[in-house]
Amino acid sequence: MLSALPSSPALTEAAALREQYRAGKNALLASLAGSGSATRGIHSLLRRLARHTDATLRQLWQGADFPPGCALVAVGGFGRGELFPNSDVDVLLLLRDDSQVDGNPALKSRIESFIGACWDSGLEIGSSVRTVSGCVEEAAKDVTVQTSLLEARLVAGSTKIFAALVAQLDTAMSPQAFFVAKTLEMRQRHNKFENTPYALEPNCKESPGGLRDLQLVLWVASAAGLGKTWDELARNGMATAFEVRQIKANEALLSLIRARLHLISGRREDRLVFDLQTAVAESFGYHSAPTLGTGVSSLPPEGAVSPRGGPSAKRPMVRASEALMKRYYWAAKAVTQLNQILLLNIEERINPHNAPMLVINERFFDKGGMIEVASDDLYQREPHAILETFLLFQTTPGIQGLSARTLRALYNTRSIMNAGFRSDPVNRDTFRQILQQPSGITHAMRLMNQTSVLGRYLWVFRKIVGQMQHDLFHVYTVDQHILMVLRNVRRFFMAEHAHEYPSCSQLAAGWDKPWILYIAALFHDIAKGRGGDHSELGCLDVRVFCRQHGIPAEDAKLIEFLVGEHLTMSRIAQKEDLSDPEVIAAFAKRVGNERYLTALYLLTVADIRGTSPKVWNAWKGKLLEDLYRYTLRVLGGRAPDADAEVESRKREALAMLALHAEPFEAHKALWDTLDVSYFMRHEAGDIAWHARHLSRHVGTATCVVRARRSAAGEGMQVLVYTPDAPDLFARICGYFEEAGLSILDAKVHTAKPHKGSPGYALDTFQVVSPTLAEHYRELVAMVEADLDRTIEENKPLPPPGKGRVSRRVKSFPIAPRVDLRPDDKGQRWLLSVSASDRVGLLYSIARVLAHHRINLQLAKVTTLGERVEDTFLIDGPELQQNKAQIAIETEILEALAA
């Protein structure tokens, strides 16, 4: 038996030091874990973590035996004297200019041993080795290095060489050049995060409104000699006492969130990702609870979100993560405002320029394209000037924004915008004028929201600022979604955007009062999060608004209709059978007239486009446009006539066939097997396409698969004609899932037998793929060959796979829902399904239907972000039995939950 080898003294010492460092750090972090939502003391804790790390570094430095004249310098975030739980310990080994590391093996060995000892002791260091002149040269070439050295702090070693470094860096610093470089860097960083503090998974350090925006202010101020702390900036006239208090409070909150993220994730994680939001929120003391009757507080109180009184069915659950995120968004918004104010002030001090002051009126000047208040106390003396600022922003030629003085005046006078301010007739008139201007609506509203004026004036809007929507559909907070919809509506009225949605722009060109649509856009989701139907509650809000702002009764009635019905057109277009004349007639009765229909159509397109870049597609656009056209005919006095519509489509299809030199009456064999519902559900172009490819195959056992680029302008149409089979739809869905093609729409039709042949399935699918644009021809060839083979082989249906779901779906799953009910005529059944999206979901549903030998006539597959809402028109003998209905619903629910 071998005896144990004695431990090396160096290894024993490193282990002891590592244990000492870990124990001290864990003791400090224990207090962080148990501090709840109180932000007081977070900076003290971070400084203590830095000092604890300093002490370990000094011990290691003393044992490294560096020659005289060397220094260990903390740089970057560590240089500020604060350290987050899992941040790197950034250090600089500073050497004299006459030092030669490569030519000095002893020095090189000491450096390597020191860095190795740091890691052995549990310090995750980021290290660099430079001479004083080397630091100055690198700083001149790279603004990131210059910034890191700006916060340099001596940890151990020679004070003389550190002082020399600081002196040379100060001499080389150009405040103007540094300011320009850092602001450009900030813009690039903001672009990376889509220029919004309202991202659903924000980076609390790097996103707009994050800690980096505050650090940048101190960097440029320090470089200009205007102060290294917030209090110094206040003493030098760069910030007011109120602004400093706001900065410190929001900085402390962001720091606490970042520290908790590090602690909970166990790594350097600065993003509030979905996986961590709930855990971080619970560490703040938030718990999921029903909202109060008026909705979630705009500024969540520190501590748990709990109801006053018992739960109510009308009060939706407020997630703990929602409460935390709302608090984060309000902090990020304040940081964004303060960052802009202070940077503009610092820029004016660094680059004093005498921009011409042009008089706008007795209260405002045009200072180099920026609106400047005539006096700092203007808004206190004349509150009417607050909203006038934004009206002038819209109407004064050459104005690009608000000056630092104006932004500061707005930020410091928010308390003036109280109930009396909101009820003032002059302010109401000004706000109405802002909405009714021919241009600048979007920019004015966004600027009002950024400066918190919009929420202060329109109090119901304030309630939804920073409110998340965990519906796997919207990717913006409610206020940002509303402003996005407003922007989309506005673009319909701008000639330079007419190419985006020509039909909408054409309708908008004939619309007389755009502001009606602007108000409807502003209010359509304003009641989100209060419980109950937000469309109904929004109607109440907008009715009050219209009465208070003197909107004529006829216009107010239209606005209220739009807010109340803003979801209707989308629901009907995406879920109901548009070939059914009764569906169109019922919708026409609901909208009443062409004016209401046109307004609802424009708002609906703008609304869907404003939910997420992934949600809108050309197919949804076509469905809405079809519904608009069909309804317009009915409103124009043309009663639905299925026979006349069928004859019209047949004539149009025959004209198209003639262009392809088809033999006389070649189509007849196919058309004789098709009933009225086929011609009602397919447009003339599709009917002609089917006839060209299928007329020669009627009554044969041949399976025909054809694909082409979709006439809707996006995706691909796939035609399948083959002897019918109960599991055919499931087989086709399985193929598309395996091929990576997503089904947007399916029209499933069974042709009548021809001369003794069996019934034939004539199915048309609308599919999309991320690679379709680049590999269209290859995909068409692949689908035509592989799908044909899949159907012909007729193998047993494979079991559904367990499709992967996104992180967002995992964090915010929605309960699967299945609804099976007879249609209005009692002849067929409507199956509605709602669930979190995943690969293979449609195949799982189709497999259940095939098992019960259910005939599918129409499938509408609606993907809303990461949620699916599918509607199927079905029939089959089993649907007449109550027991079978329950079994079908149960099996589909199990498939959705798998």
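Here the structure is a predicted model, which means the values were calculated and not measured. Starting from 1, each residue takes its place in the sequence as its number.
Counting only distance, with no hydrogens or angles, the side chain of Ser207 and the backbone of Cys204 share no donor-acceptor pair below 3.5 Å. A side-chain donor-acceptor contact under 3.5 Å links Gln467 to the backbone of Lys528. Checked by atom type and distance alone, the side chain of Arg547 never pairs as donor or acceptor with a backbone atom of Val544 at under 3.5 Å. Distance alone, capped at 3.5 Å, places no donor-acceptor pair between the Asp479 side chain and the Val465 backbone. In this structure, the side chain of Asn191 engages the main chain of Arg187 through a donor-acceptor pair within 3.5 Å. Remark: the backbone N or O of Phe393 is not paired with any side-chain donor or acceptor of Thr396 at under 3.5 angstrom. In this structure, Gln437 contributes its side chain and Gln433 its backbone to a donor-acceptor pair below 3.5 Å. Remark: the backbone N or O of Asn449 is paired with a side-chain donor or acceptor of Lys333 at under 3.5 angstrom. Here the side chain of Arg422 pairs a donor or acceptor atom with the backbone of Met417 at under 3.5 angstrom. A side-chain donor-acceptor contact under 3.5 Å links Asp213 to the backbone of Gly209.
A heavy-atom distance below 4.5 Å is not found between the side chains of Tyr501 and Leu507. In this structure, Phe587 and Leu597 have side chains that are in contact, with non-hydrogen atoms separated by less than 4.5 Å.
Using a 30° and 60° split on the angle between ring planes, Tyr596 and Phe561 fall in the tilted class, from 30° to 60°. Relative orientation of the Tyr379 and Phe364 rings is tilted, given thresholds of 30° and 60° on the angle between their planes. Under the 30°/60° scheme for interplanar angles, the aromatic rings of Tyr329 and Tyr198 are found to be tilted. Note on ring orientation: taking the six-membered ring where Trp is involved, the planes of Tyr457 and Phe431 are tilted (angle from 30° to 60°).
Annotation for Glu194: atom CD does not count as buried by contact number, only 12 or fewer foreign heavy atoms lying within 6.0 Å. Heavy atoms from other residues, nucleotides or ligands lying under 6.0 Å from NE2 of His497 number more than 12.
A donor-acceptor pair shorter than 3.5 Å can be found between the side chains of Asn412 and Glu243. Looking at Glu594 and Thr598, their side chains never bring a donor and an acceptor atom within 3.5 Å of each other. In this model, no donor atom of one side chain and acceptor atom of the other lie less than 3.5 Å apart for Asp607 and His566. Between the side chains of Tyr286 and Ser321, no donor-acceptor pair of N or O atoms lies under 3.5 Å.
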Residues Val460, Phe545; criterion side chain to side chain contact (heavy atoms under 4.5 Å, CB included); working and verdict: CA-CA 10 Å; Val460 287; Phe545 174 87; over 6 Å; no

Trace of the side chain to side chain contact (heavy atoms under 4.5 Å, CB included) decision for Glu500 with Asn488: CA-CA 10 Å; Glu500 296 176 347; Asn488 293 341; over 6 Å; no

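Taking 4.0 Å as the cut-off between side-chain N and carboxylate O, Arg405 and Glu348 do not count as a salt-bridged pair. Under a 4.0 Å N-O distance rule, the pair Asp541/Arg530 qualifies as a salt bridge.
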